[in-house]
Amino acid sequence: MKVFKFGGASLESVERIKQVAQIVQSFPDDKLLIVISAMGKTTNELEKVAQNFYMRKREIAAQLLYNVEQQHIQVAESLLGNREHPLFQQLQQFFTEAEWTLGEKPLRAYDYYYDQLVSMGELLSTAIVSAFFNTIGLSNTWVDVRDVFRTDDNFRDANIDWAFTQKQVTEKVVPLFNQTNIVIAQGFIGSTDQNESVTLGREGSDYSAAVFANMLDAESQTIWKDVEGLKNADPKLFPNTVNIPEISYGEVIEMAYYGAQVIHPKTIKPLQNKQIPLLVKCFLDKNLPGTVIREQADVRQLPPIIVLKRNQVLLTLTSKDYAFITEDKISDIYETFHRLKVKINLMQNGAITFSCCIDHNPEKIELLIKALHNDFKISYNEALELLTVRYYQDGLLEDLSNHHTVLLEQRSKVTVQRLLKK
Ligand code: ASP
Ligand code: MG
């Protein structure tokens, strides 16, 4: 059994969906569990539907939803050649459910509505791909992963109930392979025990695939992308990037942790726990070597790995009464960040100051200031970049920080991080 994951970019046009089909056709002898995300930028568009609905701009929300509907119907029509196929009824059902949600008064928290609306992207894309595959002889079974992935009700970042989900995978998904060699499921979504839809965090389909790989004891997971494989830096930000042929789980976790948008950070653990290799391959040319991620990989082969996180803020707290910022205060500060769900990307403290770098989010900063201003004087510095280089070489570091002021720096033997201001 192999697990494949295809992301939004691999489904952004009719041609690309056909390319995906060719990839799948080249594995005729394998049992494949295929996890699919929403087509192209659908998730972003559905986010706008949710925002407008919540701001009670119902007409705009309805118009945006209509656009998403039309795009999907057009793709489905191009792939299937007509509108007679039962797929169109299935799509209509998803749209009707979303329209019902838009008809409600937004009485619950925003994150709840977000999940009810945004989860539709994956339901639409998988239904279309599944129907198309069946018409071209790639016989497959479509599953609604909300009947399989049980989570808590932490909307937009739901946590999987591992035991219940394993039971569902064993009892409901495994038997499907007796009927077809291919099973198609949605990434990114799941459901609570109240049958409310949830999402697992943006870009969460990699993680969904890893959960399936773990629970099915797959021989490997492959993430099919429109790039050659994993690179040592984001090619959109840096020239002369190189492909990394092999790398360890640990290294990829670090890269993701520092902000590389390569693979969803939660993806590695379920794979590592069962020693399942993760392959990153290019669906535009499957003969390219790609990247293998596994337990052991030779670090001596690694180029310097560069991660740049933009739009950072340096927040500095100074204790008003000159009380030292030691363990007890730090624990209070962390408690506040934790409660407000603000992630600290880098931190440093002195006698009466605590500095940290966080993503720019004006609402969260306001809440932090509200919560902490009694004890601390708070200042902040915006529009910064957090540069992380692993296996750094000094010349390179200077080149990358050129024309910038370094506001904060941390170095270990392997990693250097610099908070930069232009
Ligand atoms: N469609 C979701 C997103 O764009 C999940 C994913 O792509 O992995 O965030
Ligand atoms: Mg996506």
Side-chain angles (χ1 to χ4, degrees), residues 9 41 44 202-203 225-244 247 251-265 280 291 299-318 325 333 337 342-366 368-369 376-422:
K41 299 269 172 258
N44 294 356
R202 284 302 307 264
E203 307 303 326
K225 283 182 167 289
D226 55 355
V227 292
E228 206 183 334
L230 224 63
K231 304 208 162 218
N232 71 321
D234 184 345
K236 283 183 230 117
L237 303 178
F238 298 96
N240 312 323
T241 55
V242 292
N243 192 58
I244 302 175
I247 188 165
E251 196 60 50
V252 173
I253 285 218
E254 295 294 336
M255 283 171 80
Y257 172 80
Y258 291 121
Q261 284 167 339
V262 283
I263 286 167
H264 192 281
V280 181
T291 302
V299 277
R300 286 168 309 180
Q301 309 271 333
L302 285 179
I305 292 173
I306 305 163
V307 181
L308 190 70
K309 239 172 143 36
R310 289 193 158 146
N311 222 350
Q312 299 294 295
V313 174
L314 175 65
L315 205 63
T316 305
L317 315 181
T318 310
I325 300 192
I333 296 171
F337 278 74
V342 181
K343 186 175 169 287
I344 295 178
N345 298 327
L346 184 71
M347 90 88 161
Q348 210 160 60
N349 75 305
I352 57 163
T353 61
F354 174 95
S355 305
C356 66
C357 167
I358 58 177
D359 293 348
H360 182 75
N361 179 335
E363 281 162 38
K364 293 275 164 130
I365 292 176
E366 209 185 298
L368 280 169
I369 292 177
F376 304 99
K377 206 173 79 205
I378 302 168
S379 61
Y380 63 93
N381 210 326
E382 296 173 312
L384 310 178
E385 293 182 343
L386 179 59
L387 172 72
T388 305
V389 184
R390 285 172 69 75
Y391 310 103
Y392 55 89
Q393 302 151 352
D394 276 332
L396 171 72
L397 205 56
E398 295 324 316
D399 281 356
L400 294 171
S401 319
N402 219 345
H403 310 301
H404 288 78
T405 315
V406 181
L407 298 185
L408 208 72
E409 174 169 320
Q410 254 167 40
R411 256 178 215 253
S412 72
K413 226 171 105 195
V414 180
T415 311
V416 57
Q417 291 195 281
R418 281 183 169 176
L419 188 60
L420 302 173
K421 189 179 177 71
K422 262 227 163 78

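From a predicted model like this one, the values you see are computed outputs, not experimental measurements. Nothing fancy with the numbering, it's 1 onward along the sequence. Note that these values count all heavy atoms, side chains included, but never hydrogens, waters or copies made by symmetry.
Residues L419 and C357 come closest through the heavy atom pair CD1-SG, 3.6 Å. The two atoms that bring S401 and L387 nearest to each other are OG-CD2, 4.1 Å, heavy atoms only. Closest non-hydrogen pair, Q417 versus L386, comes out as NE2-CD2, 4.0 Å. The two atoms that bring N349 and M347 nearest to each other are N-SD, 4.3 Å, heavy atoms only. Listed here is the closest heavy atom pair of P304 and L396: CB-CD2, 3.6 Å. Taking all atoms of both residues into account, the shortest heavy-atom contact from L397 to V416 is CD1-CG1, 3.4 Å.
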Show your reasoning for whether side-chain contact (heavy atoms from CB on, under 4.5 Å) applies to I263 and V280. CA-CA 9 Å; I263 286 167; V280 181; 4.0 Å; yes
When you look at L314 and K421, which way does the side-chain contact (heavy atoms from CB on, under 4.5 Å) test go after all the steps? CA-CA 10 Å; L314 175 65; K421 189 179 177 71; over 6 Å; no
Step-by-step side-chain contact (heavy atoms from CB on, under 4.5 Å) determination, Y258 to I305: CA-CA 11 Å; Y258 291 121; I305 292 173; over 6 Å; no
side-chain contact (heavy atoms from CB on, under 4.5 Å) between L420 and V406, worked out: CA-CA 5 Å; L420 302 173; V406 181; 3.8 Å; yes
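Taking CD of E382 as the start and NE2 of H360 as the end, the distance is 5.0 Å to the nearest 0.5 Å. The distance from atom NZ of K422 to atom OG1 of T405, rounded to the nearest 0.5 Å, is 11.5 Å. Summarising the geometry, atom CD1 belonging to I306 is positioned 10.5 Å from atom CG belonging to D234; distances are rounded to the nearest 0.5 Å. With rounding to the nearest 0.5 angstrom, the OH atom of Y392 is 13.5 Å from the CG atom of L400. Rounded to the nearest 0.5 angstrom, I352 CD1 and F376 CZ are separated by 10.5 Å.
Contact annotation: the side chain of I365 approaches that of I358 to within less than 4.5 Å [non-hydrogen atoms, C-beta and beyond]. Annotation: side chain of L237 is in contact with side chain of R310 (closest heavy-atom distance under 4.5 Å). The side-chain heavy atoms of L315 and F337, taken from C-beta on, include a pair separated by under 4.5 Å.
Atom CD of E398 has more than 12 heavy atoms from other residues, nucleotides or ligands within 6.0 Å. No more than 12 heavy-atom neighbours from other residues, nucleotides or ligands sit within 6.0 angstrom of NZ on K236. Applying the 6.0 Å contact sphere to CG of N240 captures no more than 12 heavy atoms from other residues, nucleotides or ligands. For Q261, the CD atom counts as loosely surrounded, since its 6.0 Å shell holds 12 or fewer non-hydrogen atoms of other residues, nucleotides or ligands. In Y257, the OH atom is not crowded: 12 or fewer heavy atoms of neighbouring residues, nucleotides or ligands sit closer than 6.0 Å.
Applying side-chain contact (heavy atoms from CB on, under 4.5 Å) to E385 and the options Q312, H404, R418 leaves one that passes, H404.
Between the side chain of T291 and the backbone N or O of I244, at least one donor-acceptor pair lies under 3.5 Å.
Residues D359 and K309 are paired through a salt bridge, judged by an N-O separation under 4.0 Å between the basic side chain and the carboxylate.
Neither side chain, N232 nor R390, offers a donor N or O lying under 3.5 Å from an acceptor on the other.
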